[in-house]
Chemist: 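Here it is: the structure, laid out below.
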Amino acid sequence: MPNRYKPLHLQSIRLRSRTEFIWHQLRYTAIGLGFMTISLGVGILGYHFLGQINWINSLLNASMILSGMGPVSSLHGTVAKLFASAFALYSGIVYLAVSAVLLYPIVMRLLKILHLQALNTASDNLHAQPNIYADDE
């Protein structure tokens, strides 16, 4: 029977080696950093062109919003304020998404370790000698 049709508790669980885990974590970190870089670029461009803020202050505003600190420069104009509010909402989602992407490999490894320990404990209990003196306790 193929693995995909077996119940989850009967499927084989393979724990990645430490080297494989580190490469897996680095890939997910690169994905998270790439997503943050793209988001930072969108924020910089939006603040510069829509908010009429110079490049360095646009970088500062976008960085502060993405990190959850709040804006630095005041904005003038309806379009700039609408962009800032949309970017602030988007940044909250990006913060949570990137946190999840960075934590995913760690949490999965922890859950696999716990699952393997539970399976080993269950198999040890099955093979243990029964206590023939149970009534004496």
Chemist: Kindly determine whether Val94 and Phe35 satisfy side chain to side chain contact (heavy atoms under 4.5 Å, CB included), including the steps that lead there.
Modeler: CA-CA 8 Å; Val94 166; Phe35 195 53; 3.9 Å; yes
Chemist: Strictly distance-based, threshold 3.5 Å: is any side-chain N or O of Asn61 a donor or acceptor partner for the main-chain N or O of Ser73?
Modeler: yes
Chemist: Share the residues that join Met64 in a hydrophobic cluster, the rule being Ile, Leu, Val, Met, Phe, Trp or Tyr side chains under 4.5 Å apart at the heavy-atom level.
Modeler: Leu60, Met69, Val72
Chemist: Could you work out, with side chain to side chain contact (heavy atoms under 4.5 Å, CB included) as the rule, every residue matching Leu116, not counting sequence neighbours?
Modeler: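 So Leu116 forms a side chain to side chain contact (heavy atoms under 4.5 Å, CB included) with Ile13, Leu15.
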Chemist: Which heavy atom of Gly43 sits nearest a heavy atom of Ala62, and at what distance?
Modeler: C-CB, 3.7 Å
Chemist: Kindly state each residue pair satisfying salt bridge (charged side-chain N to carboxylate O under 4.0 Å, His left out) with at least one member in residues 99-110, sequence neighbours excluded.
Modeler: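 Qualifying pairs, neighbours excluded: none.
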Chemist: Report the distance from atom CD1 of Ile22 to atom OG1 of Thr29, rounding to the nearest 0.5 Å.
Modeler: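 Answer rounded to 0.5 Å: 11.0 Å.
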Chemist: If a pair satisfies salt bridge (charged side-chain N to carboxylate O under 4.0 Å, His left out) and one of its residues is in residues 19-43, list it, with sequence neighbours excluded.
Modeler: Arg14-Glu20
Chemist: Sequence neighbours left out, what passes side chain to side chain contact (heavy atoms under 4.5 Å, CB included) with Ala84? Give chain and number order.
Modeler: Tyr47, Leu75
Chemist: Please name all residues satisfying side chain to side chain contact (heavy atoms under 4.5 Å, CB included) with Leu89, sequence neighbours left out, ordered by chain then number.
Modeler: none
Chemist: Donor-acceptor pairs under 3.5 Å, side chain of residues 49-59 to any protein atom, not counting sequence neighbours: which ones?
Modeler:
| unit_1 | atom_1 | unit_2 | atom_2 | d |
| --- | --- | --- | --- | --- |
| Gln52 | NE2 | Phe49 | O | 2.8 |
| Asn54 | OD1 | Asn57 | N | 3.0 |
| Asn54 | OD1 | Asn57 | ND2 | 3.2 |
| Ser58 | OG | His48 | N | 3.2 |
| Ser58 | OG | Ile53 | O | 3.2 |
| Ser58 | OG | Asn54 | O | 2.9 |

Chemist: Does anything in residues 12-33 pair up under ring pair (Phe, Tyr, Trp, His ring centres under 6.0 Å), and if so which pairs, sequence neighbours excluded?
Modeler: His24-Tyr28, Tyr28-Tyr104
Chemist: Rounded to the nearest 0.5 Å, how far apart are CD of Gln25 and CE of Met108?
Modeler: 13.0 Å
Chemist: Kindly state each residue pair satisfying ring pair (Phe, Tyr, Trp, His ring centres under 6.0 Å) with at least one member in residues 58-79, sequence neighbours excluded.
Modeler: none
Chemist: Which residues satisfy the side chain to side chain contact (heavy atoms under 4.5 Å, CB included) test with Leu114, sequence neighbours excluded?
Modeler: Leu110, Gln117
Chemist: With ILVMFWY side chains joined below 4.5 Å, transitively, what does Leu33's cluster contain besides itself?
Modeler: none
Chemist: Can you list every pair that meets side chain to side chain donor-acceptor pair (under 3.5 Å) and has a residue in residues 89-100, with sequence neighbours left out?
Modeler: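 For residues 89-100: Ser39-Tyr90.
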Chemist: Is there a path of hydrophobic side-chain contacts, each under 4.5 Å between heavy atoms of I, L, V, M, F, W or Y residues, that connects Ile106 with Val98?
Modeler: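 Cluster IDs for Ile106 and Val98 differ.
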Chemist: Are Phe83 and Val79 connected, step by step, through hydrophobic side chains (Ile, Leu, Val, Met, Phe, Trp, Tyr) whose heavy atoms are closer than 4.5 Å?
Modeler: yes
